[in-house]
Protein chains: 2
Amino acid sequence: MDQLFVTPWFWWFAPAASVLALVFAGYFHHDMFKSPAGNEDMQRIAGYVREGAMAYIRRQYGVVIKVFAVLFLLLGVLAVFHIQNPFVPVAFLTGGFFSGLCGYIGMRTATSASSRTAQGCREGLNKGLKVAFRSGAVMGLVVVGFGLLDICLWYLILDRLVYTPANMAHGLHLFGMTLVEEGTTASQKLVEMTTTMITFGMGASTQALFARVGGGIYTKAADIGADLVGKVEAGIPEDDPRNPATIADNVGDNVGDVAGMGADLYESYCGSILATMALGASVGVRRDIGEAVGMVTAPMIVAGIGVLLSIFGVFLVRCKEGASQKQLLRALATGTLTSSALIVVALFGIYAAGMIPLGVVFSVVAGLVAGVIIGQSTEFFTSAEYKPTRGIAEQARMGPATTIIDGLAVGMMSAGIPVITIVLGIICAFGFADGFSNIGMGLYGIGFAAVGMLATLGITLATDAYGPIADNAGGNAEMCGLPPDVRRKTDALDSLGNTTAATGKGFAIGSAALTAMALLAAYIDEVKLWIGRLPDVAAKFGVQGETTHLEIMDFVEIYELHIMNPLLICGIFLGAMMAFVFCAMTMKAVGRAAGLMGDEVRRQFNEIEGILEGTGKPDYARCVEISTRGAQREMIVPSLLAIVVPIAGGLVLGVPGVLGLLAGGLTTGYVLANMLNNAGGAWDNAKKYIEEGAHGGKGSDAHKAGVVGDTVGDPCKDTSGPSLNILIKLMTMVSVVFTPVVVKFSPAIQEWLNIAPQILK
Amino acid sequence: MDQLFVTPWFWWFAPAASVLALVFAGYFHHDMFKSPAGNEDMQRIAGYVREGAMAYIRRQYGVVIKVFAVLFLLLGVLAVFHIQNPFVPVAFLTGGFFSGLCGYIGMRTATSASSRTAQGCREGLNKGLKVAFRSGAVMGLVVVGFGLLDICLWYLILDRLVYTPANMAHGLHLFGMTLVEEGTTASQKLVEMTTTMITFGMGASTQALFARVGGGIYTKAADIGADLVGKVEAGIPEDDPRNPATIADNVGDNVGDVAGMGADLYESYCGSILATMALGASVGVRRDIGEAVGMVTAPMIVAGIGVLLSIFGVFLVRCKEGASQKQLLRALATGTLTSSALIVVALFGIYAAGMIPLGVVFSVVAGLVAGVIIGQSTEFFTSAEYKPTRGIAEQARMGPATTIIDGLAVGMMSAGIPVITIVLGIICAFGFADGFSNIGMGLYGIGFAAVGMLATLGITLATDAYGPIADNAGGNAEMCGLPPDVRRKTDALDSLGNTTAATGKGFAIGSAALTAMALLAAYIDEVKLWIGRLPDVAAKFGVQGETTHLEIMDFVEIYELHIMNPLLICGIFLGAMMAFVFCAMTMKAVGRAAGLMGDEVRRQFNEIEGILEGTGKPDYARCVEISTRGAQREMIVPSLLAIVVPIAGGLVLGVPGVLGLLAGGLTTGYVLANMLNNAGGAWDNAKKYIEEGAHGGKGSDAHKAGVVGDTVGDPCKDTSGPSLNILIKLMTMVSVVFTPVVVKFSPAIQEWLNIAPQILK
């Protein structure tokens, strides 16, 4: 069986689809740019926002580049000392680069689209919808396009240029580093390729962390700062041009919801595909090398099909002139649901082609269904149509305290259904894929559930990125004093965006959980690989030669990876703690940055003459600058924590501790993220519900209490909650990349810790 | 080695100490009753509170009796069908009975002591301290006395009357149930005895759950209801006799902080001793039967020593006339710290007697030190002396929203040190006890860390129960219009109580975590026992005869108890969710009950003529009744959840699922409890800090924001947070008791679930 396999011809479908996605993204972008950008005022305001957003992103990339440089050097040193693969530092960079590129393109598109959407709304609601949604689609297609392309390119390079038959036979060396070992077998090649590729996810993850945390801090600092002083103290409405923080607030929507969300899902998307490929290699090579190749390429092909169907779905989003809100919502749903349904059909095709077992197809369906249920549950807990949010509005009659208590309770309660759903999803995905009798195959099924859930990301992300564009269009209309009729239309689009944003958040955390589960399993493959590769470790455990075929129980025995091992339970404790401490830091950061913003707005109100009468010009740029600087400064510590803890924890607690840390972070992070997202969403909508007239309407005491709830919910739902998505994925990615360090050094550290009991004996 | 061992003579020390504790409890009670009860007004008010508290507790026991009856029957049925030991239902009842008895005695004492403390304060501060503290000591000594006595009695009965040499040789049967099997060996006897005894902890746990949850709902419903309408709407001060909910509020302090806290720690106390005994048996029998007996009896003996030292400590709490606040605090600390220090000395004695290895002594020290650090960390995060609480007060200047955000962040951050402490504590306790090379022995060390931490419970609980007595004395003084000088003295005592209460809460959750860790290990022993006892299970796994000697790795292999098993990870997910959903329910319950209370107070203000002028008499009893009914109704669902989920989850997810559930519940519950307790404490003290004059003092906007924070914190720190202590212990206890059900039936259910993949194949 030691022959070099041939990549099936239809694998080419995947890179082709990814290129097509980029082509269509370009087309949509061009299309948007062609549409009229509105009058001079509108272009000027949009220009401010665009400049602010670009200034922010440049500054953020400046920080990120430094972090990447340090990590690149660190990984390079590891490679030189043969405790990491030499491709890893490079893969790390490409992951970060493509993720950053997507954010940049998405932001440019979104900030250019806002005034055009407002202009579109002057012409008609549907014109506005089309501009906004297709601009959102640019983000969606760029993310899946670059994501899949990056994966395919790496696969191609490793398969065709690095692991050539000649190199595998004689080895390949560079600057004293071993790229390919002498006598590498075909199955070793497959395992090494996929575990190496997985590490480029760490680059995407790191980039995503800074985008989410930095963007989240920025957007909420601006929002809260603008509201507390502008709305509450000075009593001027939202998006009022007299408020100096208005532009920063609009910039924030782009920074947080477009760039942050995009980077988050880029990472989930790549992570799920890469983890599933690695799991496929791990299972496949124990069977038959041909089957193994099929199992490795299948995730890429499924992703490629998903990309095509997403493009198809985008074109389905259209509606007649004069459509109602409900019809608009149905138009969006038509696009996403059709794509999802067709994915299932396509999977049966892949099954028929013999690439994946029938059980795996059902695993994907389990993932898709879980995604839908989580979205519905989010909707139930956060929409004012249902009891939980109305209950919060009712408690608002008794004041802010009961509003908060009830919101916290709703948030905590809302974690129930998503957890039960993900548990059933995992069990089904695992069971269907023949997992109860074959753990490896079952894990492959879980990976595929994640891939399936994210397959139509091209269009689901479009519905997400569309929201802030519509929101900004509203801000643009308000600031330029367009007729109320236009504002009403942008509000309709905005409200549509709020609904998709809520379900989108549930989808983001659900896919993050499944992806992290798959990565957890891939981590184990990475550990198995390195046990054999590090001679001192192999000698210590008495294993010889290739260890990728190691049976799970042997591996469990080597590291005592059972639940009675206190190191593992300590890891779970630390993982649970990480989720909370990380949230505390991001929340504190928002508070501090918002305080600075509030001080600045107050200062301008006091110092700039005629500002509140509309005759003095507020200094928008200074507010943008304050939010930018605040976000940059505040994002460093929590981000570093997410990188440092898995490594430090791993060195002290070893492999069982890392697995505990990841499992604890994953589970608690998932529950906490659901709580924070949904509590925030429910407070937001409870306030809106009161504003629409319930319990006394605007200006009543209930409304004041509702505003308090909304403000508390802001950092929960837009900073801390979504950042947890990244935390759980990044900790896993870091663990994967630093596997050899932990595998090599932790036994020595633990032996040293063992001195105390030796003395006592 | 199959000889019947002789209980060492010094074991008798344990029951003797427990009886002595009860004698001294009686003495202190008598002493308190002798001191003057104050004037007629004071006695009348105290009478109201006492009647309300007793009415509540009778009603609660009425509900609890029904729950116990159902569970008793259920356990009885299991015993009849040979899937549970016949002693278990009886043990379950005794655990519940003694816990309830302690609550009753503690409440009677506390409610009688309040007016006497107020009267004492009329005579002098020290007289007041003495009455209040010694009354608190009644609760402390009753809890440890009955707890240890119950354990010793069960040990004696099983050792001397049931597992007699004759019964062990020929078997003992009753109504068709097997009490002792034919041919039981001495080591089997030891394992069976200890695992049976552990199940009486479930009775104590169930009782504690209702006490904590019901009491927590009661106290906060009354408190929030009284505050929202009385303080905020009508503008009358706290504890004002014109407020109809005042008596209910005072009753609540007793119900929640005396009975609830007492039942909570009774359960931890018994649980830690019982779990450690079981772990001792499990390790000991693999060595030498004599050593095993030593390891089983050692926890009881250590507990006995702790009881004696606690009594000694109570007598150390005394101070000169005219002592300052600082001196008072030092007086309390002298008592607790001396007891703790002497425990360590005594342990070296036990080591010298050859009962426990030196490593275990260090494990205890690890537990003690961890307890102190957790207490200090709680103090840091919740006292207005330090930055976190002052930061909240500062944020209060910007309004309630930032107050809440900052408090949430402080709470989340405060979980850091306790987690790191408990992790280090576990690793040290485990490592010192020779655990890195012998997992069983290491777990025994963790158990002993818990026993050590709780050994001086007699006096630490006294400092806790003292708080509400002082608080109530203040209420009594206020309502009876005693001179401000007396109120100042009771306030001084109350403030002292607040400090001890904060550290006490940290101590309660820390000991709960260690106890749950030990119980988790004991659960595994129980599973091992039943694998062999159930013939169909033994046949399925191919094990024969006695299975208590099963090596851990064999056991891990049988059940796939490793972290790659998705059933285990699903369990962790569910455990994390349980903590949140349980908190959501208790929080919602407080909201609903407080709403009813507020409505009632408002109704009385409107309908009773002259009530606000002090001429009309408020209807106190109706408010007490509303709180009582609310608490009774609301405590049922969350409590049942804690009992049902481990059983249902176990049947579906099997043994790995249960272990995941317990680990997830333990870790997330611990983190969440720390967050809620500390956020609540910090909000409370931030408000007090503002009231003392910071940021504008009473009546300022900052103060209003502080009051909102305090109200939000109330259910966090006094209902949901402390209830988590019980949740994590009760879920473990229920799992232990229902082990045979899960071990027997879950394989069949899982096989049935496995049908889907079979069809797909």
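- Within the 4.5 angstrom heavy-atom criterion, atoms from both the backbone and the side chain of I563(A) approach chain B.
- Per-residue heavy-atom pair counts under 4.5 Å with chain B were compared for G391(A), A576(A), G411(A), G664(A), and the maximum is reached by A576(A).
- The shortest non-hydrogen separation linking V712(A) to A401(B) is CG2-O, 3.6 Å.
- Between V671(B) and T668(A), every side-chain heavy-atom pair lies at or beyond the 4.5 Å cut-off.
- For I417(A), no part sits under 4.5 Å from any heavy atom of chain B, backbone or side chain.
- For L424(B), no part lies near chain A; criterion is any non-hydrogen pair under 4.5 Å.
- Nearest heavy-atom pair, M412(A) versus F580(B), reported as atom, atom and distance to 0.1 Å: CB-O, 3.4 Å.
- Between chain A and the options L408(B), D714(B), T667(B), the largest number of non-hydrogen pairs under 4.5 Å is found for T667(B).
- Between V419(A) and F573(B) the shortest heavy-atom distance is CG1-O, 3.6 Å.
- Across all non-hydrogen atoms, the minimal contact from A409(A) to A584(B) is O-CB, 3.3 Å.
- Put simply, the side chain of K588(B) does not reach to within 4.5 Å of the side chain of M413(A), judged on heavy atoms.
- With a 4.5 angstrom heavy-atom cutoff, M675(B) touches chain A only via side-chain atoms.
- Nearest approach of L443(B) to P566(A), heavy atoms of both residues: CD2-CG, 4.3 Å.
- Closest heavy-atom contact between I427(B) and C570(A): CG1-SG, 3.8 Å.
- Only the side chain of Y670(B) comes within less than 4.5 Å of a heavy atom in chain A; its backbone stays farther off.
- The shortest side-chain heavy-atom distance between E560(A) and V556(B) does not fall under the 4.5 Å cut-off.
- Considering only heavy-atom pairs separated by less than 4.5 Å from chain B, the leading option among T711(A), V590(A), L561(A), V581(A) is L561(A).
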Q: Check the pair L520(A), I569(B) against side chain to side chain contact (heavy atoms under 4.5 Å, CB included), reporting the backbone distance first and the verdict last.
A: CA-CA 11 Å; L520(A) 198 71; I569(B) 295 205; 3.3 Å; yes

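- For the set I572(A), V708(A), I405(A), the entry with the most heavy-atom pairs within less than 4.5 Å of chain B is I405(A).
- Heavy atoms closer than 4.5 Å to chain A are found in the side chain of M517(B), but not in its backbone.
- At a 4.5 Å heavy-atom cutoff, L662(A) makes no contact with chain B through either its backbone or its side chain.
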(Q) The test is side chain to side chain contact (heavy atoms under 4.5 Å, CB included); show your working for M577(A) and I420(B) and say whether it passes. (A) CA-CA 9 Å; M577(A) 179 201 83; I420(B) 292 171; 4.0 Å; yes

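- The contact between P400(B) and chain A is made by backbone and side chain atoms together, counting heavy-atom distances below 4.5 Å.
- Of the residues considered (V361(A), L672(A), V410(A)), L672(A) shows the highest number of contacts with chain B, using heavy-atom pairs under 4.5 Å.
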